[in-house]
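Single-structure report; data block below.
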Amino acid sequence: MARPYRPALIVTAVLALLGFGVTPSTAATPINVSTAIGRQDNSTASVTGYVVGQPTATNTVVRSNFPDDYALALADSASQTSTSAMLYVQIPAAFRASYGLKSNPSLLGKQITVTGTLAAYFSHPGLKNATAFTGGGGSDPGDPGDPGDYYAAAAGKTGPALKAALHTIISNQTKLSYDQVWNALKDTDQDPANANNVILLYSGRSQSKTTNGGGVNDWNREHVWAKSHGDFGTATGPGTDIHHLRPEDVSVNSARGNLDFDNGGAAVAECSGCTADADSFAPRAAVRGDVARMILYMAVRYDGGDGFADLEPNNSVNNGSAPAIGKLSVLKAWAAADPPDTFEKRRNDRIYTTYQHNRNPFIDHPEWIQSIWP
């Protein structure tokens, strides 16, 4: 009986004779993490999953304070916490600058694809000898973007429904004490050009981390949403939320006081580009969008349901002790004119990965401002 004619096999054989390799389908078509865990056979595969931390031992994966850039863990869900459902990925030297977690903590929660050998690592199901990493924004670690499925519950929503969904998402956070804020700000607001300094929010001055305190020319903890607007003081919650707490010169902090935000006014001493009058304050232009996004974060995060006042922006000044800050129209204009930059994105990511484990959605998705406050 004659053998059937199989042109595909003939083509493959001819290519092999001519010296052309045929890429195995396991490397060309990505598999998920659970499949990779079950296929620890030293074959080559491309695996797609979410970065969930760095393995440091067989049953230990850390999600902050990453010790080096040598490894990462992947899972089929960005929220996975069980090490048994994770794949441990060895990171070769060529990829550490872009995909190591110590250098790129913003990769946490992002989806990436890695091609390598399915073999145990840390005596755990793993992927070694990687030849390619893609996705996750690894080439731009300063831009965390939307981390995996963090905002999945807000997808497709607009207006009040979007605001409600974001409130639920960002309310899942670790709360700091007011004392812990000091050390957190030394990290989140670190001067990218000098690791010994922080950048002061309004004035923009780079100043030693060690000069925090209450003396003249020290820096202290500025509440961008003034703590008297809603009378929450320094209580754990809005009073210690580092999404709106920033380092600032003591005298500049005092000059701002509890003023609302608006354009106009006279120059502020020690704060180049800042202006103030009897009822409002304006920071330097480079951080006006930052201020707006912090105010709007506070309005979404604190809605009156957790023992604190319902914070809302309005289009007024002289709000006093009311749980409101204005002017909303000006804040929206500031946000549009000054979009999120690398410093602000890194700050958001450090808060998420290391301190509060929640994000400011208006840094990740500036377009949501107009959707909630048209």
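Since this is a predicted model, take the numbers as computed values, not measurements. Sequence positions, counted from 1, serve as the residue numbers for this chain.
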Within the distance-only criterion (no hydrogens, no angle test), does the side chain of [X] pair as donor or acceptor with the backbone N or O of [Y] below 3.5 angstrom?
X	Y	value
T354	I351	no
D241	P238	no
T113	T48	no
R288	L331	no
W334	D338	no
N319	A322	no
D76	S34	yes
H124	L87	no
D260	N318	yes
D68	Y70	yes

- Task: Verify whether the ring centers belonging to W219 and W182 lie closer than 6.0 Å.
- Result: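 Ring centroids of W219 and W182 are less than 6.0 Å from each other.
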- Lys/Arg-Asp/Glu bridge criterion (N-O < 4.0 Å) met for K345, D364: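 Not counted as a salt bridge, because no side-chain N and carboxylate O are separated by less than 4.0 Å.
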- May I ask you to decide whether E312 forms a salt bridge with K163, counting only side-chain N to carboxylate O separations under 4.0 Å?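 K163 and E312: salt-bridged.
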- Message: Show, in sequence, the C-alpha distance, side-chain angles and deciding distance for S103 and D69, and conclude whether the side-chain hydrogen bond (donor to acceptor under 3.5 Å, both in side chains) test is met.
- Response: CA-CA 7 Å; S103 297; D69 290 326; 2.6 Å; yes
For [X] against [Y], the heavy-atom pair lying closest together:
X	Y	answer
L108	G53	CD1-N, 3.5 Å
A78	G109	CB-O, 3.9 Å
L107	L101	CB-CD2, 3.9 Å
V250	G213	CG2-O, 3.6 Å
D349	R359	OD1-NH1, 3.4 Å
T56	P67	CG2-CG, 4.0 Å

- Item | Summary of salt bridge (charged side-chain N to carboxylate O under 4.0 Å, His left out) pairs that have at least one residue in residues 322-333, sequence neighbours excluded |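 Checked against salt bridge (charged side-chain N to carboxylate O under 4.0 Å, His left out) - neighbours excluded - the pairs reaching residues 322-333 are D262-K327.
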- Query: Can you list every pair that meets salt bridge (charged side-chain N to carboxylate O under 4.0 Å, His left out) and has a residue in residues 185-198, with sequence neighbours left out?
  - Reply: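 Residue pairs with at least one partner in residues 185-198: D187-R346, D187-R350, D189-R246, D189-R347.
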- Message: Is the ring pair H244/F232 parallel, tilted or perpendicular, if the boundaries are 30 and 60 degrees?
- Response: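 Aromatic pair H244/F232 classed perpendicular.
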- For the residue pair H243 and Y297, does the interplanar ring angle fall in the parallel (under 30°), tilted (30 to 60°) or perpendicular (over 60°) class?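 Answer is tilted, since the angle falls between 30° and 60°.
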Can you measure from [atom1] ([X]) to [atom2] ([Y]) and round to the nearest 0.5 angstrom?
X	Y	atom1	atom2	answer
Y50	L74	OH	CG	11.5 Å
D279	F261	CG	CZ	13.0 Å
S280	I325	OG	CD1	12.0 Å
N358	I242	CG	CD1	8.5 Å
L162	H365	CG	NE2	9.5 Å
H223	L245	NE2	CG	4.5 Å

Co-membership, hydrophobic cluster, residues [X] and [Y], 4.5 Å side-chain:
X	Y	answer
V287	M298	yes
V89	F122	no
V61	Y121	yes

- Please confirm whether R221 makes a cation-pi placement over Y178, using NZ or CZ under 6.0 Å from the six-membered ring centre and within 45° of the ring normal.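 Pair R221/Y178 counts as cation-pi.
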- Message: Taking the six-membered ring of F362 as reference, does the cationic atom of R293 (NZ for Lys, CZ for Arg) lie under 6.0 Å from its centre and within 45° of its axis?
- Response: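 So R293 doesn't make the cation-pi contact.
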- Message: Go through it in stages, so that I can follow the logic: the residues are F281 and T275, the test is side chain to side chain contact (heavy atoms under 4.5 Å, CB included), and I'd like the CA-CA distance, side-chain angles, deciding distance and then a yes or no.
- Response: CA-CA 6 Å; F281 179 89; T275 59; over 6 Å; no
- Query: Can you list the residues that meet the side-chain contact (heavy atoms from CB on, under 4.5 Å) rule with S171, with sequence neighbours excluded?
  - Reply: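 S171: side-chain contact (heavy atoms from CB on, under 4.5 Å) contacts with H167, R301.
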Do [X] and [Y] come close enough that some side-chain heavy atom pair is under 4.5 Å?
X	Y	value
L127	T117	no
I91	L72	yes
I170	P361	yes

- Quick check: are there more than 12 heavy atoms from other residues, nucleotides or ligands sitting under 6.0 Å from CZ of F308?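 Correct, the count exceeds 12.
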- Message: We want to know whether K209 and Q190 form a side-chain donor-acceptor pair, criterion being a heavy-atom distance below 3.5 angstrom.
- Response: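 Q190 and K209 do have a side-chain donor-acceptor pair below 3.5 Å.
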